[in-house]
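Both ligands and their constituent atoms are indexed starting at 1 by order of listing. Just the heavy atoms: all of them, side chains too, but no hydrogens, waters or symmetry mates, feed the values below.
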Amino acid sequence: MTDVTPERLLARMTLDQKVGQMTQPERMHITPDEVRQYHIGSVLSGGGSFPGDNRPADWVAMNDAFWEASMSEEDGGIAIPLLYGVDAIHGNNNVVGATIFPHNIGLGAARDPELIERIAAVTAKEILATGVDWTFAPTLAVVRNVRWGRTYESYGEDAAVVASYAGRFVTGLQAGYGPDGVLGCAKHWVGDGGTTDGIDQGDTDVSEETLDAVHVNPYRPAIKAGVGAVMASFNSWNGDKCHGSHYLLTTKLREHLGFEGLIVSDWNGTDQLAADFVESIALGANAGIDLFMMPEKWKELIEALKQLVRDGIVPEDRIDDAVLRILRVKFAMGLFHAPRPADRPWSNSETFGSAEHRAVAREAVRKSLVLMKNEGAALPLARQANIIVAGKNAHDRGHQCGGFTVAWQGQSGNEVIEGGTSIWEGIHAVAPHAVLSPDGSACDDGNFDVAVVVIGERPYAEGMGDIRGVETVVEPGSGPGIVPGAPTERLEPYAESLEHAVNHPEDLATIRRIAEKGIPIVTVLVSGRPLVVNPEMSASDAFVAAWLPGSEGAGVADVLFGDHAFRGRLSFSWPASADQNPSREDAMYVPAFPVGYGLGIG
Ligand code: GLC
């Protein structure tokens with residue numbers, strides 16, 4: 001393959017082979033033989049979609065089969081290595097036993113771009129351990145309303161904080177497209193974090209000046225760092241769906257920002273462009289989509305693209321442009337010279353989920369914690385104290401990892417998060433007299449010096465994490481940008497209020513049960529966003545925002561006992577009341593705590 005170039009390869013390709021390269025089915029809806037037969041360029045795992053027992057060896061075997069099929073030259077086939085994509089957004093989070101990092105909201109509070117580059121480098125190695133070569137990360141959303149169910153995927157509401165991470169993450173992840181790197185994907189282009197009322201896939205109604213300064217801003221360092229892919233966003237901008245906007249995808253991203261990689265659609269993202277499927281494909285292709293993430297309807301996509309070219313609705317040179325971009329990325333990554341996944345240096349590596357990797361995640365947990373209140377010197381804790389550890393999130397590694405962890409929506413319990421430590425396990429490892437009592441009932445007849453109460457949210461992802469009224473738009477893609485008749489699905493919101501005591505009254509009940517005994521209380525909030533927690537905070541002597549710390553919950557104990565200082569700073573402003581519209585766009589929004597707030601001790 002020494003003399004092969006993307007251009008020479010393209011010149012040999014049939015229309016079938018070209019549109020096959022532009023097609024990305026989901027693994028559950030295609031076989032390796034169909035990858036060969038239809039010349040498929042990429043396959044993905046949706047959140048929680050895994051092979052076999054969900055161990056690295058299962059993933060490597062699956063990728064070997066897909067790769068072999070893509071390299072087949074049977075029946076005139078052309079060997080073009082397949083790209084396998086996953087949402088490894090806080091470690092290789094689909095896979096059991098992976099190192100799970102804090103979600104981005106916590107990393108934003110750490111204000112540590114150097115750490116971000118190390119996290120990305122470890123993540124790349126744990127992705128490569130499974131034979132995968134592409135992750136749909138970093139998320140560069142600049143979230144302006146914390147009601148959005150994807151707030152935790154964002155580094156913050158300040159574009160400058162997100163931009164300070166964007167390039168470093170790409171550099172750590174792609175590693176110069178060497179053997180230690182995987183393909184990154186900056187997402188979601190553009191304005192995903194700016195929708196009105198934080199409605200998922202809603203409408204971002206801002207001037208182009210604001211779009212540039214807030215939402216486009218972080219893509220510049222990502223592109224400068226060489227990110228090879230960008231994912232189009234479900235939201236609309238002033239009523240125009242991003243997936244169908246030639247201005248946003250081609251003029252702005254390619255011509256103005258100079259992006260030369262491939263643009264991938266989001267999950268059936270073009271469906272929302274038109275009631276008619278073929279028309280929606282035409283709109284997406286002509287706007288600038290190169291690779292269609294079409295989990296199930298991939299055969300219909302292939303037929304539609306061929307028909308559209310035959311009918312002259314999608315020019316073949318647009319197809320050639322898309323295929324050339326895909327091939328150039330694969331060449332740049334060295335995929336054409338890489339051996340089968342099983343024979344690559346990091347496949348099935350012992351470093352997957354290793355102590356060395358977990359130490360980086362534990363450091364990130366420490367640096368992400370924000371001390372919001374500390375009265376009566378409740379902190380730091382003493383190791384020999386009699387400590388009651390309460391709250392539903394005290395011993396639940398699933399809750400501390402949040403969404404996009406093994407399952408798309410995440411899950412409760414400890415079993416599924418193999419390796420790592422719950423917050424309780426971290427405390428108990430250093431405090432021999434600590435007692436776990438999730439509802440706090442041990443305080444009824446116990447004699448305790450201090451309580452740690454770990455409260456917060458249960459896991460969620462995407463629109464199912466939104467906080468919105470059920471009566472308001474509940475269908476993704478709703479709002480001015482939705483095309484009548486285009487398919488949408490109804491997603492129930494997480495809650496209607498930002499008031500935590502309304503959504504989870506059990507937490508305030510636990511705090512109050514202990515407070516009645518006169519025991520000082522350190523409350524730790526495990527959540528994907530700032531919440532209105534006025535009664536919970538008032539009843540606490542100390543209050544810590546821990547965000548979604550991931551698998552290494554012991555990092556919380558490292559700071560609670562003073563081994564490491566609190567250094568986290570809010571990357572989101574904190575709402576004072578539930579009736580506020582917590583949005584930076586709202587001039588009347590006066591938060592309880594501003595961006596940058598955080599106390600320090602130790
Ligand atoms: C989802 C998300 C996107 C993710 C993709 C593949 O709908 O919007 O962030 O990368 O589908 O799982």
Given side chains that start at C-beta, do those of Asp133 and Arg344 come closer than 4.5 Å, heavy atoms only? yes
Within the side chain of Ser233, is there an N or O that forms a donor-acceptor pair under 3.5 Å with the backbone of Val190? no
Taken to the nearest 0.5 Å, the spacing of Ile127 CD1 from Lys125 NZ works out to 11.0 Å
Knowing that exactly one of Asp197, Asp200, Asp192 qualifies, which makes a side-chain hydrogen bond (donor to acceptor under 3.5 Å, both in side chains) with Trp148? Asp200
Note, Leu249 side chain near Trp189 side chain (heavy atom, < 4.5 Å): yes
Please name all residues satisfying side-chain contact (heavy atoms from CB on, under 4.5 Å) with Thr99, sequence neighbours left out, ordered by chain then number. Phe101, Glu126, His357, Arg358, Ala361
How would you list, by chain and number, the residues with a heavy atom under 4.0 angstrom from ligand 1? Leu44, Asp87, Phe136, Arg150, Lys187, His188, Met231, Phe234, Asp266, Trp267, Met293, Glu462
